[in-house]
Amino acid sequence: MSKNSLTKLFNIQYPIIQAPMAGGVTSSELVAAVSNAGGLGMIGAGYLTPIQLETQIKEIRKLTDKNFGVNLFVPIPYEMDEEKLQTAKQFLQEILTELEIKDESPQLPTYETDLKTFHEQIDILIEEKIPVCSFTFGLPSKEVETKLKQNSSLLIGTATTVQEALLNEKAGMDAVVVQGVEAGGHRGTFHRSANESLIGLMSLIPQTADNITIPIIAAGGIMDARGLMAARCLGAQAVQMGTAFLVCKESGANHLHKDAILKATEDEMVLTKSFSGKTARGIHNRFIEKLKMAEESLPDYPLQNELTKAIRKAAAANGKVDFLSLWAGQSPRLAKKQTVDELIQKIVSEAEELRI
């Protein structure tokens, strides 16, 4: 497959993909607006139940007749370490008290239940004939890949190193998102540790391009036409943008989250495991600072994520920005309050001016 055929492959007008941000950011309005504006809207379905996913797909189809896709988290085995669970609960108790959250004993997930949900989500994608499916935190099994391809779905993987990109190609992915260290939210690392996979995007793109034949989608800190053109010059065929869309009018992100990004500077962005147990980039706040020294003693994802859910929910309800997971990439100064259509049209217009 030609690396230059990605827009044709996904049947989109522009090589712009909206990052599939899980947790409510990718509202039906956001996904549809991106697709209607000529990009590829993506549902971040990582935390959705199969019923919620099916409902949202039907909602989006009422808002657009264009292609859109769905992203799933590939379940990864994890251990229920009682010592780490107790350590986390001790650190979190003070915050629970401050936010007046009482009797909070969440029902923790298991790998088996995660796997069951994942396969039920796959069944929904097949039933709904979703044209584009992407995966984060790992690669789908050969069985899942075969089922989706038999359903004419195009598959996108995620890689944070050249080796992970090679594994994506070997696994039969049709394209791969190469995620630089600049990216906001969770790292898609799955082959080695997150600390061993912190490669800058401008370094990662050309090294990956020299070693794989499937199309590359660049992600990490890209906010405007300059980022798009730079990524394409280095060997990417498209870009995946998260933070730029997160602050748009149609985004489902909490207004506290949007406002925090619009006021943030690049030196406030940090990598942390404190909220979920998995390395992610966001705006530094008191919660991150409080748990910084305990990060390696926290439970694995998604256990820590479940333990902090009530805190994040209460913080959002009460305007307590210091206890929210404010995921964002390294270019917050470039974030602008605007509609999706305004963002995409500006990128396209400026990209034309930048062409040599």
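Under the 6.0 Å distance and 45° angle rule, Lys290 does not count as a cation-pi partner of Phe91.
With respect to the salt-bridge test (charged N to carboxylate O, under 4.0 angstrom), the residues Lys346 and Glu342 do not qualify. Salt bridge annotation for Arg286-Glu289: absent, with no cationic side-chain nitrogen under 4.0 angstrom from a carboxylate oxygen. In this structure, Lys278 does not pair ionically with Asp300, as no charged nitrogen and carboxylate oxygen lie closer than 4.0 Å. A salt bridge does not link Lys320 to Asp322: none of the charged nitrogens lies less than 4.0 Å from a carboxylate oxygen. Ion pairing of Glu120 with Lys116 is present here, as a side-chain N (NZ or NE/NH1/NH2) and a carboxylate O approach within less than 4.0 Å.
The minimum heavy-atom distance between Leu246 and Ser251, with the atom names listed, is O-OG, 2.7 Å. The minimum heavy-atom distance between Leu201 and Ala219, with the atom names listed, is CD1-O, 3.4 Å. Taking all atoms of both residues into account, the shortest heavy-atom contact from Phe10 to Val132 is CD2-CG2, 4.0 Å. Closest of all the heavy-atom pairs between Ala171 and Lys142 is O-NZ, 4.2 Å. Here the closest heavy-atom approach between residue Asn151 and residue Leu125 is recorded as ND2-O, 3.8 Å. Across all non-hydrogen atoms, the minimal contact from Ile344 to Gly39 is CD1-N, 4.4 Å.
There is no side-chain donor-acceptor pair under 3.5 Å between Ser331 and Glu266. If you check the side chains of Thr189 and Thr160, you find a donor sitting under 3.5 Å from an acceptor. A donor-acceptor pair shorter than 3.5 Å can be found between the side chains of Ser193 and Glu196. For the residue pair Thr136/His186, the side-chain donor-acceptor check at 3.5 Å is not satisfied. Side-chain contact of Glu169 with Thr213: a donor-acceptor pair under 3.5 Å is present, judged by distance alone. Side-chain contact annotation: Glu268 with Thr265, donor-acceptor N/O pair under 3.5 Å present. Side-chain contact, Asn71 with Ser134: a donor N or O sits under 3.5 Å from an acceptor N or O. There is no side-chain donor-acceptor pair under 3.5 Å between Ser349 and Gln345.
The side-chain heavy atoms of Lys336 and Leu262, taken from C-beta on, include no pair separated by under 4.5 Å. Between Ile57 and Ile124 there is a side-chain heavy-atom pair separated by less than 4.5 Å. Using a 4.5 Å cut-off on side-chain heavy atoms (C-beta onward), Arg226 and Leu334 make contact.
A donor-acceptor pair under 3.5 Å links the side-chain atoms of Glu164 to the main chain of Phe190, judged by distance alone. Put simply, the side chain of Arg281 gets close to the backbone of Val181: a donor and an acceptor are under 3.5 Å apart. Remark: side-chain polar atoms of Arg232 are paired, donor with acceptor, to backbone N or O of Gln237 under 3.5 angstrom. The backbone N or O of Thr49 sits less than 3.5 Å from a side-chain atom of Gln52, completing a donor-acceptor pair. Between the Thr243 side chain and the Gly329 main chain, a donor and an acceptor come within less than 3.5 Å of each other. The main-chain N or O of Leu298 is never found under 3.5 Å from a side-chain atom of Gln304 such that the two would form a donor-acceptor pair. Formation of a donor-acceptor pair under 3.5 Å by the Arg187 side chain with backbone atoms of Gly180 is found in this model. A distance-only check finds no donor-acceptor pair linking the side chain of Asn168 to the backbone of Val176 [under 3.5 Å]. Distance alone, capped at 3.5 Å, places no donor-acceptor pair between the Thr279 side chain and the Lys273 backbone. A donor-acceptor pair under 3.5 Å links the side-chain atoms of Ser35 to the main chain of Asn67, judged by distance alone.
Taking hydrophobic clusters as Ile, Leu, Val, Met, Phe, Trp and Tyr residues chained together by side-chain heavy-atom distances below 4.5 Å, Leu63 does not share a cluster with Leu48. Hydrophobic cluster membership is shared by Leu228 and Leu204, with clusters built from Ile, Leu, Val, Met, Phe, Trp and Tyr side chains linked at under 4.5 angstrom. Cluster annotation: Met202 is connected to Met241 through the hydrophobic network of ILVMFWY side chains, with a link wherever side-chain heavy atoms come within less than 4.5 Å. Both Phe68 and Leu72 are members of a single hydrophobic cluster when ILVMFWY side chains are connected at heavy-atom separations under 4.5 Å. Trp327 and Met223 are members of different hydrophobic clusters when ILVMFWY side chains are connected at heavy-atom separations under 4.5 Å.
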- Task: Starting from the C-alpha separation in whole Å, work towards a yes-or-no answer on side chain to side chain contact (heavy atoms under 4.5 Å, CB included) for Leu53 and Ile43.
- Result: CA-CA 9 Å; Leu53 175 57; Ile43 299 174; 4.3 Å; yes
- Yes or no on side chain to side chain contact (heavy atoms under 4.5 Å, CB included) for Ile311 and Phe287, after CA distance, side-chain angles and deciding distance? CA-CA 10 Å; Ile311 290 173; Phe287 184 95; 4.2 Å; yes
- Working for salt bridge (Lys or Arg N to Asp or Glu O under 4.0 Å), residues Lys58 and Glu128: CA-CA 9 Å; Lys58 293 182 185 304; Glu128 295 294 333; 3.0 Å; yes
- Task: Under the side chain to side chain donor-acceptor pair (under 3.5 Å) rule, what do Ser203 and Gln207 come out as? Steps first, then yes or no, please.
- Result: CA-CA 7 Å; Ser203 174; Gln207 293 185 86; 2.9 Å; yes
- Query: Does the side chain to side chain contact (heavy atoms under 4.5 Å, CB included) test come out yes or no for Val270 and Ile288, once each step is laid out?
  - Reply: CA-CA 9 Å; Val270 297; Ile288 292 173; 4.1 Å; yes
- Do Val144 and His119 pass the side chain to side chain contact (heavy atoms under 4.5 Å, CB included) test, and can you show the C-alpha distance, the side-chain angles, and the key distance before you say yes or no? CA-CA 8 Å; Val144 167; His119 284 289; 3.7 Å; yes
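The 12-atom threshold is not exceeded at NZ of Lys337, counting heavy atoms of other residues, nucleotides or ligands nearer than 6.0 Å. The number of heavy atoms from other shown groups lying within 6.0 Å of CD (Glu352) is above 12. The number of heavy-atom neighbours closer than 6.0 Å to NZ of Lys66, taken from other residues, nucleotides and ligands shown, is 12 or below.
Rounded to the nearest 0.5 Å, atoms CG (Leu40) and CG (Leu9) are 10.0 Å apart.
A ring-ring contact (aromatic ring centres under 6.0 Å, His included) with Phe137 holds for exactly one of Tyr78, Phe118, Tyr301; it is Tyr301. Test Thr97, Leu291, Ile101, Thr87 against Leu92 for side-chain contact (heavy atoms from CB on, under 4.5 Å) and you get one pass: Leu291.
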